[in-house]
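The figures here come from the full heavy-atom set of this structure, side chains too, leaving out hydrogens, waters and symmetry mates. First the proteins, then the strands, lettered A, B, ... as listed; each starts at 1. Computed from a predicted structure; not experimentally measured.
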Amino acid sequence: MGQIEIRNLTFAYKKGADILKDISLSVAPNESVGLVGANGAGKSTLLKVLVGLNMGFSGSVMIDSVPVEKKTLAGIRQKTGYVFQDSDSQLFMTTVGEDVAFGPRNYGLSESEVRARTDAALAETGITHLKDRTIMKLSGGEKKLASIATILSMEPEILLLDEPSITLDPRNRRNIINILNRIQATKIIASHDLDMIMDICSRTILMAGGKIIADGPTDQILRDRELLEGNSLELPLRLQSGSR
Amino acid sequence: MRGTMKNKSPMSKISSAITEIQRIEDLQKRDQWLNRIHPLVKLACTCFYIVCLVSFHPYDIQGVLSMGLYPLILFMAGDLSITDCLRRVRIVLPLVCLIGLFNPIFDRTPMLLFGFVVRAGFVSMLTLILKGVFAVLSSYILIASTSIENLCYAMSLLHLPGILITEILLIYRYVGLLLSETERITQAYSLRAPGQKGVHFKVWGSLAGQLLLRSMDRANDVFDSMSLRGYSSDFRYIKQYVRWRPSDIIYLALWCAVFLFLRNFPLLLLVGSLFI
Ligand SMILES: Nc1ncnc2c1ncn2[C@@H]1O[C@H](COP(=O)(O)OP(=O)(O)O)[C@@H](O)[C@H]1O
Ligand SMILES: [Mg+2]
């Protein structure tokens, strides 16, 4: 499973200033969705609603038919992984291995299961060699991989990623794209990196001013120069050279 | 006036602080009998020790000295390095010693100590210093053998409010954040103030303000990240790793008996009288 259903979602951090306005969308299990839009469009805010970090919304948000509410949060968070934009916010233990083990351990798995999950997540992200390293001394790319590993160890059915490729060099970026493509889960990726969205997501949702402006096949939306430029975005690089 | 360390750059100092935290955590993770004792037992034992220690009469230096038995035995049996410990607590120890410094000036009554006539204030100063040092050592033993999660779990068993426990855990995590933010800010500063040693005192204020705001934001995010991965202040998950064993009760009972004995019978004098 890993199905998301949002109906008429409206959310404000402060009363009267709605950040998300009447959003409705549904995401099928194992679907990969790109969430694009200018800075401040509300992408991060929407992702945080899904894991219950932004409560007090109106409308309904359901994950596998379970509404996101205070008393369902534990279950929802167990199957929904959220990768922060800033890895330093995500990681808080001293070593990589400890941080990756934190989630499974908290959900009461046996110590051998925790170890197996940790090793699997480290292998999946290709950072087994970083297991005992101090997090604060890692490079940005290594931290991002570690962040993803901390979520993979919980074996989430839904993966929410906030700007995963920002601050990464081309090699690390390519690495992350390959890893994300290998993972079987429902994925929502918020990003400005339209080339990455093209490589991972079959569907793209364009947001502006807290509303959904367009929702359809990636191929269609990311080729629509007028639509993108009208929303402070540019065509993916690979589509620019030919059409210029 | 320039404000930073003389021979070490701020970065290497922060780096070594991080390494130091890592070393202590390595100690906490050792597979050792002391590490395996239930955290609540160790916490209770340490608290009871400190209460007994502090309750000695200011002139009862023999009594306080005999309480040194507890850290002595645990340092040896727990395979802890006393030199590492002293190096780590070197900032606290002088403060502890400072407290009693004026006693000899105010309290000049003559007194007999190990056969010598000395000022009573001198005796009470020594007693106070010993109490302080022993309290620090016993706390170090607790910390070097118990992870912060287990300590917080012990506190939750005592039904301390969850918000307080989370706060303690966050502050611990926050130390790391604070260090890395400091590193970032001093780096950014020194790049724009080349050739300058340390941070000029005129910008201390604004740098500190920046630091506070940034790391508060971060602490907030970290708390979110912890809760997203199942953290809750009742530590239900630790219950399956930390179990009560009969040896826990024996450990606690034994030490409590020892402390009570030392508190009520002058061990050193008794031992001494055997030889005289
Ligand atoms: N914690 C917050 N408190 C108040 N306003 C916020 C908060 N987080 C974001 N916002 C505001 O919400 C709007 C949408 O932000 P965000 O969801 O981060 O956009 P995006 O991720 O698309 O760049 C912005 O105008 C931003 O200023
Ligand atoms: Mg954002």
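With chain B as the partner, the residue from A:T95, A:D99, A:I76 showing the most heavy-atom pairs under 4.5 Å is A:D99.
Of all heavy-atom pairs between A:S26 and A:E5, the closest is CB-OE1, 3.3 Å. Annotation for B:V133 and B:L93: closest pair CG2-CD2, 4.0 Å, computed over non-hydrogen atoms.
No more than 12 heavy atoms of other residues, nucleotides or ligands lie within 6.0 Å of CZ in B:R23, so this atom counts as exposed by the packing criterion.
Both the backbone and the side chain of A:Q90 come within less than 4.5 Å of a heavy atom of chain B. Both the backbone and the side chain of A:D88 come within less than 4.5 Å of a heavy atom of chain B. Of the atoms belonging to A:V83, not a single heavy atom falls under 4.5 Å from chain B. Heavy atoms closer than 4.5 Å to chain A are found in both the backbone and the side chain of B:Q22.
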Review point. Passes salt bridge (charged side-chain N to carboxylate O under 4.0 Å, His left out), A:R173 versus A:D193? Steps please.
Key: CA-CA 10 Å; A:R173 176 178 165 280; A:D193 184 348; 2.6 Å; yes
Practice item. For side chain to side chain donor-acceptor pair (under 3.5 Å), just list the numbers for A:D169 and A:N172, CA-CA rounded to whole Å, side-chain angles, deciding distance to a tenth of an Å, and then say yes or no. Key: CA-CA 5 Å; A:D169 62 25; A:N172 276 315; 3.2 Å; yes
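Scanning residues 145-152 of chain A against chain B with a 4.5 Å heavy-atom cutoff picks out A:T150, A:I151, ordered by number.
Within the 6.0 Å centre-distance limit, the rings of B:W255 and B:Y70 are counted as a close aromatic pair. Ring centroid separation for the pair A:F102 and A:F92 comes in under the 6.0 Å cut-off.
Side-chain contact check for A:E111 versus A:R105: some heavy-atom pair is nearer than 4.5 Å.
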